[in-house]
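Whatever order the structure lists ligands and atoms in, that order sets their numbers, starting from 1.
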Amino acid sequence: MKNIEANKVEINRQLEYIKKVAKINDGKNYTYYILTMGCQLNENDSEKLCGMAEQMGYTKVAEMNDADLIIFNTCCIRENAEDRLFGKLGEAKKVKEKRNSIIAIGGCMMQEKNMTDKIHESYPFVDILFGTHTLHKFPEDLYKAITTNKKLEDILDIDGEIIEGLPIKRDDEIKASVTIMNGCNNFCSYCIVPYVRGRERSRAPKDIIEEVRCLAKQGYKEITLLGQNVNSYLRVENEKGIEYEKYEGVSSFATLLRAVNKVDGIERIRFVSPHPKDFTDDVIEAIRDCDKVCKLVHLPLQSGSTNVLKVMNRKYSKEQYLNLVEKMKENIPNLTLSTDIIVGFPGETDEDFEDTLDVVKKVNFEQVYMFIYSRRAGTPGDKMENQVPDNIKHKRFDRLKELVESQIEKRNKEYVGTIQKVLVEGKSKTNENTYTGRTDSNKVVIFEGKEENIGKVLDVKIISEHMWYLKGAIVNG
Ligand code: SAH
Ligand code: SF4
Ligand code: F3S
């Protein structure tokens, strides 16, 4: 795990750079804009970048046009992200010409050499490029860019230590994300993440529990534990005998859930993403026993075909997935499930795709995140010769979407008339008098409420359903 002393030295170095930049910026009322392009881990990284930027004297603005510091936190999970970044860089160039803004690009895409080469070549006005392993050095990079006026690249292709103690500015006041591990060791054959995020390494139990306690003190009610494969938390450390400080009996994902469940003030615990192959009985029991752990579990399927799953390197079959779902449903009362599915992976036949539809019908997911397979350079999937033509991918995607939407419609109808525990998140964006919250199963509910309801879990009777939200009325509170 991490060397505590080295961590302290590094964090102190960066805190010094924060002070230096803050001094340079003093009295200048500088602003920053950040665009977060990726997943929840990427969002959590952005919250750390915001924390650092604000301590260095920048105030957040919503428009890139008004920013003295422009940060892009990139993602490369699918193809379209590249075009989007290049479009945004065109805009950023104009802003830089006008107000001499500093432009910084970080995140997963910067771990791809062809991308950084392209930026050097075609977008030479970009000031800082930083990777996923050097996020914590943002203050140092920014200081150097300001004081030397030189373009800076700070990207490591080996795994960095997890640096604790960075400032953080969170987006929300009720819900917070806590990253519990970095990297991924699974190498699913379609996926770029293991190449850009490096090897799996878990944060120390103490750092996580103390962060959650601190969030509870600040009034946060819902915690989402984040990682690419959360249910293998501490597995690498346990297998390799890498030492970590024992804390509150935490030695696995199941024991972590139990420890977080004990933190006073927290009402709800969610986690993304677990891997079906690592869903051990102790995790099922922990979900069942822990009253704060939501009974909605995200269980990425990817494909319902055993053949495709094998080539995807997922390490479970259709039957094993369905058996796991059965076991979970038997053991966890009121369990609901959501999933991720990729259509059009190389070699996927009509029959394979029917297997995916079959699993979707059988499991009856609460929510399905559907993706069309996207080739990623450097992954085994990209080298496979039997790529599925675009028109077939799209046809399959539409069929899956139709099935999923009809299932969601049906499920939504079942909510009407029931009373749901809803965590009130705030005023709804479109109507002054209505509030929004979510059920345990993560459905959005809109209802008439009062300011003091925010942050409370209330009983709400569901009155009507719409595709993406439910309408309700408060029963108590
Ligand atoms: N670690 C998580 C998810 C990581 S990425 C997990 O294993 O579930 C989020 C989702 O993006 C994946 O679950 C997958 O469905 C999708 N995805 C990943 N690579 C993709 C690719 N090359 N093309 C299309 N979708 C992809
Ligand atoms: Fe990608 Fe698979 Fe790792 Fe998820 S588990 S991040 S899909 S390689
Ligand atoms: Fe997340 Fe995209 Fe990176 S999905 S881990 S930001 S490639």
Does a donor on one side chain sit under 3.5 Å from an acceptor on the other, for Tyr415 and Ser441?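 On atom types as modelled, these side chains qualify, holding a pair under 3.5 Å.
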Are [X] and [Y] close enough for a salt bridge, meaning some N to O gap below 4.0 Å?
| X | Y | result |
| --- | --- | --- |
| Lys362 | Glu319 | no |
| Lys318 | Asp358 | yes |
| Lys410 | Glu414 | no |
| Glu402 | Arg399 | no |

For [X], the ligand 1 atoms whose distance to one of its heavy atoms is below 4.0 Å:
| X | answer |
| --- | --- |
| Arg376 | 22 (N) |
| Gln302 | 8 (O), 12 (C), 13 (O), 14 (C), 15 (O) |
| Pro300 | 8 (O) |

Using heavy-atom distances only, which candidate in Gln228, His298, Gln40 approaches atom 2 (C) of ligand 1 most closely?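 Residue with the shortest heavy-atom distance to the ligand atom: Gln228.
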Quick one: which of His275, Glu79, Arg375, Arg314 has a heavy atom closest to atom 7 (O) of ligand 1?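 Nearest heavy atom to atom 7 (O) of ligand 1 lies in Arg314.
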Which residue holds the protein heavy atom closest to [atom], what is that atom called, and what is the gap in Å?
| atom | answer |
| --- | --- |
| atom 1 (Fe) of ligand 2 | Cys191 SG, 2.3 Å |
| atom 7 (S) of ligand 2 | Tyr190 OH, 3.3 Å |
| atom 2 (Fe) of ligand 3 | Cys75 SG, 2.4 Å |
| atom 8 (S) of ligand 2 | Cys188 N, 3.3 Å |
| atom 5 (S) of ligand 2 | Asn186 ND2, 3.4 Å |
| atom 4 (Fe) of ligand 2 | Gln228 O, 4.1 Å |

Heavy-atom gap [X] to ligand 1 smaller than 4.0 Å:
| X | result |
| --- | --- |
| Asn229 | no |
| Val193 | no |
| Ile372 | yes |

Which atoms of ligand 3 are found less than 4.0 Å from any heavy atom of [X]?
| X | value |
| --- | --- |
| Cys108 | 3 (Fe), 5 (S), 6 (S), 7 (S) |
| Asn42 | 6 (S) |
| Gln228 | 5 (S) |

Could you tell me whether a side-chain N or O of Asp278 sits under 3.5 Å from a main-chain N or O of Asn231, the two making a donor and an acceptor?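 Not a single qualifying donor-acceptor pair exists.
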Show the numbers, then the answer: is there a side-chain contact (heavy atoms from CB on, under 4.5 Å) between Thr336 and Arg411? CA-CA 11 Å; Thr336 57; Arg411 287 189 78 93; 3.6 Å; yes
Quick check on atom 3 (Fe) of ligand 2: does Cys184 put an N/O/S atom closer than 2.8 Å to it?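 So Cys184 counts as coordinating atom 3 (Fe) of ligand 2, yes.
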Residue from Phe271, Phe365, Tyr369 passing ring pair (Phe, Tyr, Trp, His ring centres under 6.0 Å) with His298: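 So, applying the ring pair (Phe, Tyr, Trp, His ring centres under 6.0 Å) to His298 and each of Phe271, Phe365, Tyr369, only Tyr369 qualifies.
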Looking at atom 2 (Fe) of ligand 3, is one of the N, O or S atoms of Cys39 less than 2.8 Å from it?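 Cys39 does not place any N, O or S atom closer than 2.8 Å to atom 2 (Fe) of ligand 3.
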Give the contacting part of Ser273 toward ligand 2: side chain, backbone, both or neither, where contact means a heavy-atom distance below 4.0 Å.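 The answer is neither.
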Are the side chains of Lys96 and Lys93 in touch, meaning some heavy atoms are under 4.5 Å apart?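 SC-SC contact between Lys96 and Lys93 ruled out.
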May I ask you to check whether over 12 heavy atoms, not counting those of Asn334, lie within 6.0 Å of atom CG?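 Count not over threshold, so no.
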Looking at ligand 2, does Arg314 have a heavy atom less than 4.0 Å from it?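 It does; at least one heavy atom falls under 4.0 Å.
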Can you list the atoms of ligand 2 that are under 4.0 Å from a heavy atom of Phe187?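 Contacts of ligand 2 toward Phe187, numbered from 1: 8 (S).
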Record the part of Tyr190 in heavy-atom contact with ligand 1 below 4.0 Å; permitted values are side chain, backbone, both and neither.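 For Tyr190, backbone and side-chain atoms both sit under 4.0 Å from ligand 1.
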